[in-house]
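Just below is one structure, and these are the notes that go with it.
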Amino acid sequence: MSQQILNGVSTVLSVCALTFFLVGCVGFSASFGTIEDVAWIKGEEGPTDVYFGLQKFYFTSSGNGATLNYNNCAFDFCDACKHDGRAAFGLLILATISAAVCSGLGGALAAGVGESLQIANAGVSFLSASFAIIGFGVFMGDCYKQIDDSDNVPFLSLEWGRGSIVVCTGLILMFLVVVLQIAAMIVGPSA
């Protein structure tokens with residue numbers, strides 16, 4: 001397989017990862033409809049559904065609903081989720097920017113321009129994947145555990161929401177880009 005093909009595939013995967021990271025960033029929304037659609041964590045029990053975003057959470061029960069901000073709620077998980085949500089959002093912004101740079105570099109490399117950029121593209125793709133996995137781990141590790149261990153919502157059955165699933169998919173794609181970039185360096189430029 002040629003270096004240009006590997007870079008072309010890397011570019012497509014980077015664009016997909018960038019899109020997934022943007023969807024994950026939408027989880028920082030304040031809108032209850034958006035929180036419901038792109039929740040990072042979802043909890044349910046009977047008629048009650050709770051959708052946890054990066055900034056707020058939304059719950060419905062028997063047709064009634066409310067949105068609560070982590071800044072001004074009294075549940076024992078709110079403080080941890082507030083800080084974890086902000087950290088995850090910031091890291092996802094960095095992952096998105098890095099994925100955009102990686103897409104541009106990959107496109108240039110696939111077109112045969114600037115073969116000296118190959119190492120830079122591998123480094124940027126690794127940074128993007130690293131930012132994403134750390135942001136994902138912070139929110140899905142600490143906040144998820146705090147909610148799961150909470151005395152305020154012991155009845156909820158928690159699961160990953162769409163926001164966390166798409167970010168996880170994006171970070172896997174970016175790690176695949178890292179592997180493809182290393183392979184492209186090994187293959188070297190076409191003669």
Side-chain angles (χ1 to χ4, degrees), residues 1-29 34-35 37-42 52-55 80-145 159-191:
M1 193 173 283
S2 77
Q3 190 179 47
Q4 285 183 315
I5 292 172
L6 290 171
N7 285 318
V9 172
S10 293
T11 302
V12 170
L13 294 178
S14 296
V15 170
C16 291
L18 175 128
T19 305
F20 291 152
F21 295 157
L22 284 173
V23 171
C25 287
V26 172
F28 198 70
S29 174
T34 306
I35 295 170
D37 291 338
V38 193
W40 276 55
I41 303 169
K42 182 177 186 272
F52 296 90
L54 296 176
Q55 178 180 199
C81 290
K82 174 179 73 173
H83 296 296
D84 295 342
R86 289 178 181 170
F89 179 69
L91 287 163
L92 270 181
I93 292 293
L94 293 173
T96 303
I97 292 168
S98 301
V101 169
C102 185
S103 299
L105 289 173
L109 288 164
V113 179
E115 292 180 6
S116 61
L117 298 174
Q118 195 71 58
I119 293 173
N121 199 24
V124 172
S125 61
F126 180 76
L127 276 176
S128 180
S130 298
F131 288 141
I133 198 166
I134 293 168
F136 175 82
V138 164
F139 193 79
M140 292 304 290
D142 189 40
C143 181
Y144 187 98
K145 182 179 179 339
E159 58 189 48
W160 289 18
R162 293 180 193 129
S164 59
I165 292 169
V166 296
V167 169
C168 185
T169 304
L171 70 90
I172 290 168
L173 290 177
M174 282 312 294
F175 276 117
L176 186 55
V177 169
V178 172
V179 171
L180 289 174
Q181 289 302 299
I182 291 169
M185 285 188 291
I186 292 169
V187 167
S190 308

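Position 1 is the first residue of the sequence, and the numbers go up from there. From a predicted model like this one, the values you see are computed outputs, not experimental measurements.
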Would you call [X] and [Y] a side-chain contact if the rule is heavy atoms closer than 4.5 Å?
X      : Y      : answer
Thr96  : Cys25  : yes
Leu54  : Arg86  : no
Phe131 : Ile93  : no
Ser125 : Cys102 : yes
Ser2   : Val187 : no

Minimum-distance pair of heavy atoms, taken over all atoms of [X] and [Y]:
X      : Y      : result
Ala132 : Leu171 : CB-CB, 3.7 Å
Ala80  : Asp142 : CB-OD2, 3.8 Å
Gln4   : Ala111 : NE2-C, 3.6 Å
Ser164 : Gly161 : OG-O, 3.0 Å

What distance do [X] atom [atom1] and [Y] atom [atom2] have between them, rounded to the nearest 0.5 Å?
X      : Y      : atom1 : atom2 : result
Phe21  : Leu91  : CZ    : CG    : 11.0 Å
Leu176 : Ser10  : CG    : OG    : 7.5 Å
Cys143 : Phe139 : SG    : CZ    : 3.5 Å
Asn121 : Leu180 : CG    : CG    : 10.5 Å
Ile134 : Leu94  : CD1   : CG    : 10.0 Å
Leu13  : Leu18  : CG    : CG    : 12.5 Å

Verify, without hydrogens or angle tests, whether [X] (side chain) and [Y] (backbone) share a donor-acceptor contact under 3.5 angstrom.
X      : Y      : answer
Asn7   : Gln3   : yes
Thr169 : Ile165 : yes
Ser128 : Ala95  : yes

Fill in: Heavy atoms from other residues, nucleotides or ligands near CZ of Phe89 exceed 12 (cutoff 6.0 Å)
yes
Practice prompt. Test side-chain contact (heavy atoms from CB on, under 4.5 Å) on Cys168 and Phe20 and set out the steps.
Written response: CA-CA 9 Å; Cys168 185; Phe20 291 152; over 6 Å; no
Discussion item. Ring centroids only, cut at 6.0 angstrom: are Phe52 and Trp40 within range, meaning strictly under it?
Written reply: no
Worksheet item: Among Ser14, Ser130, Ser98, Cys16, whose side-chain contact (heavy atoms from CB on, under 4.5 Å) with Met174 holds?
Response: Ser14
Discussion item. Does Leu109 form a side-chain contact (heavy atoms from CB on, under 4.5 Å) with Gln181? I'd like the steps, not just the answer.
Written reply: CA-CA 10 Å; Leu109 288 164; Gln181 289 302 299; 4.3 Å; yes
Fill in: side-chain contact (heavy atoms from CB on, under 4.5 Å) evaluation trace for Phe136 with Leu92
CA-CA 8 Å; Phe136 175 82; Leu92 270 181; over 6 Å; no
Worksheet entry | side-chain contact (heavy atoms from CB on, under 4.5 Å) evaluation trace for Ile41 with Met140 | CA-CA 8 Å; Ile41 303 169; Met140 292 304 290; 3.8 Å; yes
